[in-house]
**Student:** 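Got a structure for you, written out below as structure tokens; questions coming shortly.
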Protein chains: 2
Amino acid sequence: MNKSKERILASAKELFHEYGFQQTSVDEILKKSGVTKSNFYYHFKSKEELGLIILQRFITIYESDVLIKTLGNKSLSPSGRLVEFYNSVKTFHINLENPRGCPFGNMAIEMSGSNENFREKLSAFFNSWEKIIEECINEGMNSGDFRGDLPPGVVAQLILSHLEGAIMMVKTHRSLEPLSSGSETIMRLLKAA
Amino acid sequence: MNKSKERILASAKELFHEYGFQQTSVDEILKKSGVTKSNFYYHFKSKEELGLIILQRFITIYESDVLIKTLGNKSLSPSGRLVEFYNSVKTFHINLENPRGCPFGNMAIEMSGSNENFREKLSAFFNSWEKIIEECINEGMNSGDFRGDLPPGVVAQLILSHLEGAIMMVKTHRSLEPLSSGSETIMRLLKAA
DNA sequence: TTATTAGGACTGTCCAGTCAGTACTAAACA
DNA sequence: TGTTTAGTACTGACTGGACAGTCCTAATAA
């Protein structure tokens with residue numbers, strides 16, 4: 001059931017990632033999904049509500065499909081997990097014909113200044129993402145995978161900031177190089193002496 | 001004279017940084033600058049043209065007021081220059097009541113997917129910015145300020161990516177902490193053994 | 001004279017959102 | 001059994017405002 005609603009969600013997810021939330025009009029979502037405007041407003045009370053639902057979907061899928069499968073994969077060593085995480089991010093961006101950037105980073109820059117609902121949700125997600133990285137780093141420091149002379153929280157924050165900036169560069173330069181080279185350098189800098 | 005033109009440029013620069021290019025309307029620029037619409041289109045042939053001129057202004061000012069004065073300050077040691085650069089970036093973002101993000105990073109994310117003129121200009125500027133960092137890193141590696149076991153170009157790329165990501169976090173979390181803590185960590189990781 | 005500023009009305013398009021009403025289904029009732 | 005009721009899904013036509021940009025006229029300054 002609810003075929004229209006699902007089609008709206010699927011189309012909006014694509015369009016928001018490719019063009020951004022503000023640069024995607026409701027009419028474009030309608031056109032892509034083949035749904036009428038009145039039907040749209042039957043399912044969603046506003047474009048903002050749809051945007052927040054899509055953001056939540058991005059978060060949920062990212063947590064289960066990327067974070068848990070890589071950084072949370074206890075069958076790998078901590079440094080192996082981090083490598084897998086980077087691989088998975090690279091694969092995600094390779095598979096798009098044009099780099100679209102990070103769905104979260106894009107939305108953070110686009111919306112943080114103008115909409116507190118988006119900003120708070122994104123801020124909370126970045127925090128939880130950071131915590132997941134931190135746990136991996138912490139374990140790797142204890143196991144000797146990583147150098148232990150830095151607080152793991154600070155390292156995790158650095159990794160996430162760098163990742164977001166690198167994806168921004170991938171989008172701007174239309175090349176994966178900043179991400180692949182940057183992630184390798186991060187791995188080298190974290191290696192135990 | 002060209003007082004109106006200068007007023008338009010000054011207002012647009014503020015508004016583009018605070019709200020982004022797309023989210024700023026010509027009418028808002030007119031209102032803020034107190035200039036009439038016909039006068040606006042006497043000086044600029046389109047909003048896009050104005051946007052590209054503003055971007056060029058940001059670049060020129062940033063190069064002369066930040067990059068040359070910090071990373072290009074030969075009276076300081078390479079690591080002293082990098083510290084000064086970070087201080088200057090932090091000061092810039094502290095002085096805004098609400099974090100607005102990096103003018104270049106914001107525009108890169110907002111425009112790279114939809115306008116090649118902006119994307120190419122930003123890509124070229126990021127490259128030149130990276131080169132300036134690279135020269136500082138290279139010199140610091142030769143002088144023994146920085147560890148020398150990594151290619152300076154790769155380190156420069158990492159520093160710039162991290163900086164952009166950290167400023168994104170500052171904007172999203174409404175806190176300077178990701179930038180100040182991140183820059184300190186970068187300095188520690190680069191210290192010679 | 002020529003560059004600049006001002007006024008204001010206007011165009012056509014796009015925008016998010018509204019509205020009254022229809023089609024279908026399924027349970028509740030008589 | 002047939003009839004009512006109610007909820008869900010959906011539709012097409014519409015509104016009012018915002019948008020970038022145009023046009024034309026007239027005043028003012030170098």
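None of the values given here were measured: they were computed from a predicted structure. Labels below follow one simple rule: chain letters A, B, ... track the order of the sequence lines, proteins then strands, and each chain is numbered from 1.
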**Student:** Using atom NZ of B:K31 as one end and atom C1' of D:dC19 as the other, report the distance to the nearest whole Å.
**Tutor:**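 For the pair B:K31 NZ and D:dC19 C1', the rounded distance is 15 Å.
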
**Student:** Is there a side chain to side chain donor-acceptor pair (under 3.5 Å) between B:N73 and B:S75? Walk through the geometry before answering.
**Tutor:** CA-CA 5 Å; B:N73 183 349; B:S75 74; 2.6 Å; yes

**Student:** What do you reckon, are the aromatic ring centroids of B:F21 and B:F118 less than 6.0 Å apart?
**Tutor:**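 Yes, the ring centres sit under 6.0 Å apart.
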
**Student:** Do B:L30 and B:N39 come within less than 4.5 Å of each other through their side chains, counting heavy atoms only?
**Tutor:**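 Not in contact.
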
**Student:** Round to the nearest Å and state the distance from B:I29 atom CD1 to D:dA18 atom P.
**Tutor:**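 Those two atoms, CD1 and P, are 17 Å apart.
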
**Student:** Are any protein N/O atoms closer than 3.5 Å to N/O atoms in nucleotides 10-12 of chain D? If there are, list each pair with its distance.
**Tutor:**
residue : atom : partner : partner atom : Å
D:dC10  : OP1  : A:S4    : OG           : 3.1
D:dC10  : OP2  : A:S4    : OG           : 3.1
D:dC10  : OP2  : A:H43   : NE2          : 3.2
D:dC10  : O5'  : A:N39   : ND2          : 3.2
D:dT11  : OP2  : A:T36   : OG1          : 3.1
D:dG12  : N7   : A:S38   : OG           : 3.0
D:dG12  : O6   : A:S38   : OG           : 2.5

**Student:** Looking at A:R100 and A:E14, is any side-chain nitrogen of the basic one under 4.0 Å from a carboxylate oxygen of the acidic one?
**Tutor:** yes

**Student:** By a strict heavy-atom criterion of less than 4.0 Å, which residues belonging to residues 18-26 of chain B are in contact with DNA chain D?
**Tutor:** B:T24, B:S25, B:V26

**Student:** Among A:L179, A:L176, A:V170, which one satisfies side chain to side chain contact (heavy atoms under 4.5 Å, CB included) with A:I94?
**Tutor:**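 Result for side chain to side chain contact (heavy atoms under 4.5 Å, CB included) with A:I94: A:L176.
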
**Student:** Within the pair A:Y41 and C:dT18, is there a side-chain N or O less than 4.0 Å away from OP1 or OP2?
**Tutor:** no

**Student:** Round to the nearest Å and state the distance from A:E28 atom CD to C:dT13 atom C1'.
**Tutor:** 13 Å

**Student:** When rounded to the nearest 0.5 angstrom, what is the spacing between CD1 in B:I8 and NZ in B:K3?
**Tutor:** 13.5 Å

**Student:** Rounded off to whole Å, could you give me the CD-to-P distance for the B:E48 and D:dA20 pair?
**Tutor:**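 So the CD-P distance, B:E48 to D:dA20, works out to 13 Å.
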
**Student:** Roughly how many Å is it from CZ in B:R7 to P in C:dT4, rounded to a whole number?
**Tutor:** 15 Å

**Student:** Give a yes/no verdict on a cation-pi contact between A:K13 and A:F58, requiring under 6.0 Å between NZ or CZ and the six-membered ring centre and an angle within 45° of the axis.
**Tutor:** yes

**Student:** Rounded to the nearest Å, what distance is computed from the CZ atom of residue A:F44 to the P atom of nucleotide C:dT18?
**Tutor:**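 Rounding to the nearest Å, CZ of A:F44 and P of C:dT18 are 15 Å apart.
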
**Student:** Please verify the inter-ring angle class for A:F44 with A:F40; under 30° counts as parallel, over 60° as perpendicular, anything in between as tilted.
**Tutor:** tilted

**Student:** Using whole Å, report how far NZ of B:K47 lies from P of D:dT22.
**Tutor:** 15 Å

**Student:** What integer distance in Å separates A:L30:CG from C:dC14:P?
**Tutor:**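 Going from CG in A:L30 over to P in C:dC14 covers 15 Å.
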
**Student:** Please work out which of the three classes, parallel, tilted or perpendicular, describes the rings of B:F125 and B:F104, given edges at 30° and 60°.
**Tutor:**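 It falls in the tilted class, 30° to 60°.
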
